[in-house]
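For reference, the structure discussed in these notes is given below.
Protein chains get the first letters and strands the later ones, always in sequence-line order, with residue 1 at the start of each.
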Number of protein chains: 2
Amino acid sequence: MATNESYLEKKVISIGTVCELTGLSERRIRYYEERKLIFPERTNRGIRKYSFTDVERLMDIANKREEGIQTAEIRKEYMKEKKYNERTMREQVIRGQLNAYFRTRE
Amino acid sequence: MATNESYLEKKVISIGTVCELTGLSERRIRYYEERKLIFPERTNRGIRKYSFTDVERLMDIANKREEGIQTAEIRKEYMKEKKYNERTMREQVIRGQLNAYFRTRE
DNA sequence: CGTGTAAGGAATTCTGACACG
DNA sequence: CGTGTAAGGAATTCTGACACG
């Protein structure tokens, strides 16, 4: 019963299945990779593998494309989100360190 | 951020990837299906697809096999677990109905 | 019983390119 | 720019069978 959340990040789904899950064509999925919006892993032999998180991102990309947003613009949005997340994570680390510091002083 | 747990049940992994995840051979994985221990879905064209839950079960099967337990025996164990789970679920439904009943009487 | 392997065919995936707009 | 498509090859998967123990 090891319900490990990291399953969401495991790159195990091949492109045909991703097509079914997202409704996108292989062409579009590969193209979004070319535009640095999505980063599948590859097997030894070069077969792309995607995670469930990738599938969700692809659906998000499809929505944004429908709104007429270009891939370059979508990439910028993701970069901003990434920076925001990294900042948040750094702050959490610092908060943890501060907590540890004050605990030792009590 | 729809962290839907049903991802664990989604049959999206093809047998080659399952081999890597579990360390089992394709032969063994297909054989355990023949023995009714595991139930992958099939694509239109007949390609087997497994879920993360299936992967976990396969590792469990492998452990039991290592202990020398035969597949028929393993199947019986799973049938017992299944019955137990079904009973538990039925009881939960009944409990819910009872709660609803007494709430309306208050 | 449980697993390996070779065999041949079918389905999947890959890349690079041409097309259209 | 974003996506479709035909092309040819490489990798994957499938089934049924023979082998061993």
Between Y31(B) and dG2(C), does any side-chain N or O lie under 4.0 Å from OP1 or OP2? yes

Quick one: the side chain of R27(A) and the base of dT5(D), do they pair up donor-acceptor inside 3.5 Å? yes

Please report, rounded to the nearest Å, how far the C1' atom of dT13(D) is from the CD atom of E20(B). 14 Å

Under 4.0 Å, counting only non-hydrogen atoms across every strand here, what does T71(A) touch: a base, just sugar-phosphate, or nothing? sugar-phosphate

With both distances kept under 3.5 Å, what pairs with dG4(C), Watson-Crick or G-U wobble? dC18(D)

Candidates dC14(C), dT12(C), dT15(D) - which lies nearest the side chain of I15(A): dC14(C)

Can you check the I74(B) CD1 to dT3(C) P distance for me, whole Å? 9 Å

note: Y50(A), atom OH; dT12(C), atom C1'; distance rounded to Å ~ 13 Å

Do the side chains of R48(A) and F39(A) get nearer than 4.5 Å, heavy atoms only? no

Could you identify the nucleotide paired to dA10(D), looking across every strand shown and requiring Watson-Crick or G-U wobble geometry with both distances under 3.5 Å? dT12(C)

Compare all side-chain heavy atoms of V12(B) with those of Y7(B) and state whether any distance is below 4.5 angstrom. no

Please give, in whole Å, the distance from dA17(C) C1' to E34(A) CD? 12 Å

Specify the separation, in whole Å, of atom CD of E33(A) and atom P of dT13(C). 14 Å

Between dT12(C), dG4(C), dT15(D), spot the one nearest the side chain of R45(B), thanks. dT12(C)

side-chain N/O S14(B) vs dT12(C) OP1/OP2, d < 4.0 Å: no

Please test Y32(A) against R57(A) for side-chain contact (heavy atoms from CB on, under 4.5 Å), starting from the C-alpha separation and ending with a verdict. CA-CA 11 Å; Y32(A) 297 149; R57(A) 177 181 281 233; over 6 Å; no

Separation of L24(B) atom CG from dT3(C) atom C1', in whole Å? 12 Å

So if I take every side-chain heavy atom of E26(A) and compare against dT13(C), dT12(C), dT3(D), which nucleotide ends up nearest? dT13(C)

Does Y32(A) make a side-chain N or O approach to OP1 or OP2 of dG2(D) shorter than 4.0 Å? no

Counting only side-chain heavy atoms from C-beta out, which of dT15(C), dT3(D), dC14(D) sits nearest to R48(B)? dC14(D)

Under 4.0 Å between a side-chain N or O of R65(B) and OP1 or OP2 of dT3(C)? yes

Taking the side chain as C-beta and beyond, is there a heavy-atom pair between E41(B) and Y50(B) under 4.5 Å? no

Between the side chains of R30(A) and E34(A), is the shortest nitrogen-to-carboxylate-oxygen separation below 4.0 Å, so that they form an ion pair? no

Output yes when E73(B) and K64(B) qualify as a salt bridge under the 4.0 Å nitrogen-oxygen rule, no when they do not. no

Return whichever of R28(B) or I47(B) has its heavy-atom-nearest nucleotide of DNA chain C closer to the 5' end. R28(B)

Rounded interatomic separation in angstrom, taking CD1 from I29(A) and P from dT15(C): 14 Å

Take atom CZ of R30(A) and atom P of dG16(C), then tell me their distance rounded to the nearest Å. 12 Å

Tell me whether the OP1 or OP2 atom of dT15(C) has a side-chain N or O from R42(A) closer than 4.0 Å. yes

K49(A) vs Q70(A), nearer the 5' end of DNA chain D by closest nucleotide: Q70(A)

What does S25(B) touch in the nucleic acid at a heavy-atom separation under 4.0 angstrom: a base, only the sugar-phosphate, or nothing? sugar-phosphate

